[in-house]
Trainee: 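Please read through the structure below; I'll follow up with questions.
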There are 2 protein chains.
Amino acid sequence: MKKATLKTISDESGFSITTVSRALAGYADVNERTRQLIIDIADRLGYQPNLTARHLRSKHTNTLGMVIPLTAYYSDQFFMTLLSGVGQQAARFGYDLLLSAQMRGEEEISAYRRMVDGSRVDGMVLARVRQRDARLDYLKGSARPYVVFGHADEDDYPYIDVDGKTGIRQMVHHFAAYGHRRIALIAAPDDLAFAPLRLAGYWAALDDLGLPRDPRLVVTGDLSADSGAAAVTQLLGQPDPPTAILACNDQMALGAMAAITARGLRVGDDVAVAGFDDIPAAANASPPLTTIRQPIFEIGQSLAQTLIGLIRGEAVHDLHVLLDPELVIRASSGKPRAG
Amino acid sequence: MKKATLKTISDESGFSITTVSRALAGYADVNERTRQLIIDIADRLGYQPNLTARHLRSKHTNTLGMVIPLTAYYSDQFFMTLLSGVGQQAARFGYDLLLSAQMRGEEEISAYRRMVDGSRVDGMVLARVRQRDARLDYLKGSARPYVVFGHADEDDYPYIDVDGKTGIRQMVHHFAAYGHRRIALIAAPDDLAFAPLRLAGYWAALDDLGLPRDPRLVVTGDLSADSGAAAVTQLLGQPDPPTAILACNDQMALGAMAAITARGLRVGDDVAVAGFDDIPAAANASPPLTTIRQPIFEIGQSLAQTLIGLIRGEAVHDLHVLLDPELVIRASSGKPRAG
DNA sequence: TTGTAGGCGTTATCAT
DNA sequence: ATGATAACGCCTACAA
């Protein structure tokens, strides 16, 4: 049995395709008996509209698009959590999610082009925005709505972000309050939009505290756990090593903790550690990881909701949301130190 | 500037839509000068084919579909990890992923219908198959290829699964080898396909060992951490409580560990615990969780690869893959006991 | 080598 | 209340 279309029902019922279409769509100008007849036939045939055809005609797809890094896998709970939030809220509004995993570069942009110019989605979610971001330039030039997780100082596209500068600044103060004076930063790659903001928060805190700006205490990682471990090797290998290490994301912090433990030192005791994000693994780490919380799941929900508002042409306020950071103090940052 | 279509390029170049289409598609029967001209114009206009139209015409979408539980969020690393594997491998073959988060029931089936009968995807991935699974019945009746994570004993659809019966059986033997004789099972909901298999493994192990089948040692949970904790309350509240608890998934095992700790007992010492899955959180738990590993990410990759093979009509062997279970012994199952 | 014509399945416009 | 017709953008016989 072939798939039923409007034509099948039209033939079966004797009514025109037009009438069948309108009966099924619930238009008022259809005789009730006619409608019932048509609905019965449709049910009997298991009719399901061809959504591709509908999308072609109607110009919208009830689908949100997202391109995620080809490397963002179970190692990267950040993206998975975000995805969950976006997908959950999208579903609530009747939207599906079209995902494409791509490596950074040419392929990535063409994935955007396929989704947007290819008319496969009604809007895009862009996460982990970069400085001078080609994806963003593309989206700005397109007519489709989009929302962004992250921002740079002067940006004016629709975004949600956590105030990372303030967050880092507060965490450095937390370390200082515990008696630390040699506080290191494992920074994020320069090209990420949040990298300079978080670095600025670090410098600002040192200034607040009257601590010297020591460039040897700043090591840049690539957000992976391995790079966090490598940073620890470098930091603790130098004379006058730091007693506290603040990583710009939790993955690196967890890697740092592992490296510290491997050196025979105790996290929270010999060296204090903190991260940024509060991914699920942070609370489960041992010792549990002190971190700056980003409500990633909720941000995902918010992004989806805002995006759908934009798609529907509703008046969306709060196009620029900057959330206050929330410090989550756990055991990895230790206890106040003597002296 | 409106979006460029074949017609735009046709008007611009003076050639017919047909010729433009063929030039861009790389057909041989197009004059090279003509092709160059057309390609230049297409580039200049930033032409991107409307994929919706192409899909309508060509009947395939280069997209895999997956419906995930609306509740499967960051709390459920199982689905996120699986999704990662599927998405990563799909991308490698040029496929995207269409996701729909749905609650179980009517909505769930209609999400399948929209994807499959609605011609939005070329094939489906079904995870966590159930007994007498309506989704599976639907897929069997459809003409689309699909692959399944999980199986029941007599099933003959394309699947990949880990041999849970053997896995549970071996883990019970592991507990017994450590000196336990009161070994409890936190079972999975009956309607999941793997539930009776794992339960059978438990009974089989008891028989192997000459231990009595005590129904009070089997409590059924709903796969959530909370239900694992509740099971512990019930198990440890009875006279002659178990000294070892085996949960049918890691989430429940982690919940069980938390409940044991909350009672003032030490996991691995007073009560041994093990789980099933080896989700990322298992290794990070404290103490680290002994478990039966499912290579979820790799299974996701395999599922995608098999599915794409089926879609392309290639001869796919190994349509029924049953992986050997791998016991991952960590600290939560404790040490051999005296006596 | 290029063009004409038809159709994929749907929805919208305009008559009747 | 119903139907004929066109159009969305693309692909592909078939003709020229």
Side-chain angles (χ1 to χ4, degrees), chain A residues 2-39 41-42 45-63 113-122 143, chain B residues 2-39 41-42 45-63 113-122 143:
Chain A
K2 300 213 47 175
K3 204 148 72 199
T5 70
L6 289 183
K7 176 138 190 355
T8 321
I9 301 176
S10 165
D11 292 347
E12 192 91 355
S13 68
F15 289 96
S16 72
I17 291 180
T18 307
T19 299
V20 172
S21 171
R22 279 195 300 223
L24 260 20
Y27 279 61
D29 60 355
V30 178
N31 185 304
E32 265 315 313
R33 295 224 333 266
T34 305
R35 185 196 310 279
Q36 259 322 316
L37 174 68
I38 287 173
I39 287 178
I41 295 178
L45 266 39
Y47 171 71
Q48 162 71 32
N50 182 317
L51 295 173
T52 302
R54 177 177 286 177
H55 297 161
L56 174 59
R57 189 48 234 234
S58 69
K59 307 288 192 192
H60 60 85
T61 61
N62 279 14
T63 305
R113 291 174 43 78
R114 286 200 306 274
M115 285 194 182
V116 174
D117 287 338
S119 296
R120 298 199 70 189
V121 302
D122 294 342
Chain B
K2 300 214 47 176
K3 205 148 74 202
T5 70
L6 289 184
K7 176 142 193 351
T8 321
I9 301 176
S10 166
D11 291 347
E12 193 91 354
S13 68
F15 288 97
S16 73
I17 290 180
T18 307
T19 299
V20 173
S21 170
R22 278 195 300 225
L24 260 21
Y27 278 59
D29 61 353
V30 178
N31 186 304
E32 266 314 314
R33 296 225 333 265
T34 305
R35 185 196 309 281
Q36 258 324 314
L37 176 67
I38 288 173
I39 288 178
I41 295 178
L45 266 38
Y47 171 72
Q48 161 72 31
N50 181 320
L51 296 174
T52 302
R54 179 176 284 178
H55 297 159
L56 174 59
R57 188 48 233 240
S58 69
K59 308 289 193 193
H60 59 86
T61 62
N62 279 7
T63 304
R113 290 174 45 78
R114 286 202 306 274
M115 284 194 182
V116 174
D117 287 337
S119 296
R120 297 200 69 189
V121 302
D122 295 341

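In the text below, chain A, chain B and the rest are named by the order of the sequence lines, each starting its count at 1. Keep in mind that what you see is a predicted model, and the values were worked out from it rather than measured.
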Trainee: In whole Å, I'd like the distance from the CG atom of B/Leu37 to the C1' atom of C/dT1.
Mentor: 15 Å
Trainee: Using a heavy-atom cut-off of under 4.0 Å over every strand shown, decide if B/Thr34 touches base, sugar-phosphate, or nothing.
Mentor: sugar-phosphate
Trainee: Using five pairs at each end of the helix from C/dT1-D/dA16 to C/dT16-D/dA1 to define an axis, what is the angle between those two axes, to 10°?
Mentor: 50°
Trainee: In the structure I gave you, are the side-chain heavy atoms of A/Asp117 and B/Leu51 within less than 4.5 Å of one another anywhere?
Mentor: no
Trainee: Would you kindly give the CG-to-C1' distance between A/Asn31 and D/dG3, to the nearest whole Å?
Mentor: 15 Å
Trainee: By the 4.0 Å heavy-atom rule, please label B/Gly118 as base, sugar-phosphate, or nothing.
Mentor: nothing
Trainee: Show each protein N/O and nucleotides 14-16 of chain C N/O combination with a separation under 3.5 Å, one pair to a line.
Mentor:
none

Trainee: Rounded to whole angstroms, how far apart are CZ on B/Phe15 and P on D/dA16?
Mentor: 21 Å
Trainee: Would you compute the distance between atom NZ of B/Lys3 and atom OG of A/Ser119 and round it to the nearest 0.5 angstrom?
Mentor: 3.0 Å
Trainee: Checking side chain to side chain contact (heavy atoms under 4.5 Å, CB included) between B/Ile41 and each of B/Leu45, B/Ile38, B/Ile39, which is the one that passes?
Mentor: B/Leu45
Trainee: With no hydrogens and no angle check, is any side-chain donor or acceptor of B/Arg54 less than 3.5 Å from a backbone partner on A/Gly118?
Mentor: no
Trainee: Counting any heavy atom closer than 4.0 Å, what does A/Asp29 reach on the DNA or RNA strands: base, sugar-phosphate only, or nothing?
Mentor: base
Trainee: If you take all heavy atoms of B/Val20 and B/Ser13, which pair is closest and at what distance?
Mentor: CG2-OG, 4.1 Å
Trainee: Kindly say whether A/Arg120 contributes a backbone atom to a donor-acceptor pair with the side chain of A/Thr61 at under 3.5 angstrom?
Mentor: yes
Trainee: Taking atom CG of A/Leu37 and atom CD of A/Glu32, what is their separation to the nearest 0.5 Å?
Mentor: 12.0 Å
Trainee: In whole Å, I'd like the distance from the CG atom of A/Leu24 to the P atom of C/dA12.
Mentor: 14 Å
Trainee: Using the 3.5 Å cut-off, write out each protein N or O paired with an N or O of nucleotides 8-11 of chain D and the distance between them.
Mentor:
| unit_1 | atom_1 | unit_2 | atom_2 | d |
| --- | --- | --- | --- | --- |
| D/dC8 | O3' | A/Lys59 | NZ | 2.6 |
| D/dG9 | OP1 | A/Lys59 | NZ | 3.0 |
| D/dC10 | OP1 | B/Tyr47 | OH | 2.6 |
| D/dC10 | OP1 | B/Asn50 | N | 3.2 |
| D/dC10 | OP2 | B/Leu6 | N | 2.7 |
| D/dC11 | OP1 | B/Arg54 | NE | 2.8 |
| D/dC11 | OP1 | B/Arg54 | NH2 | 3.2 |
| D/dC11 | OP2 | B/Ser21 | OG | 3.3 |
| D/dC11 | O2 | B/Arg57 | NH1 | 2.2 |

Trainee: Hey, does the side chain of A/Ser16 come within less than 4.0 Å of D/dG3's phosphate (OP1/OP2), counting only N and O?
Mentor: yes
Trainee: Give, for atom OG1 of B/Thr5 and atom OH of B/Tyr47, the distance between the pair rounded to the nearest 0.5 Å.
Mentor: 7.0 Å
Trainee: Under the side-chain hydrogen bond (donor to acceptor under 3.5 Å, both in side chains) criterion, do B/Thr19 and B/Ser16 qualify, and how do the steps go?
Mentor: CA-CA 5 Å; B/Thr19 299; B/Ser16 73; 3.2 Å; yes
Trainee: Is there a side-chain contact between A/Gln48 and B/Arg114, using heavy atoms and a 4.5 Å cut-off?
Mentor: yes
Trainee: Please report the distance, rounded to the nearest Å, between CD in A/Glu32 and P in D/dA1.
Mentor: 10 Å
Trainee: Does B/Ser10 use its side chain to pair, donor to acceptor, with the backbone of B/Phe15 at less than 3.5 Å?
Mentor: yes
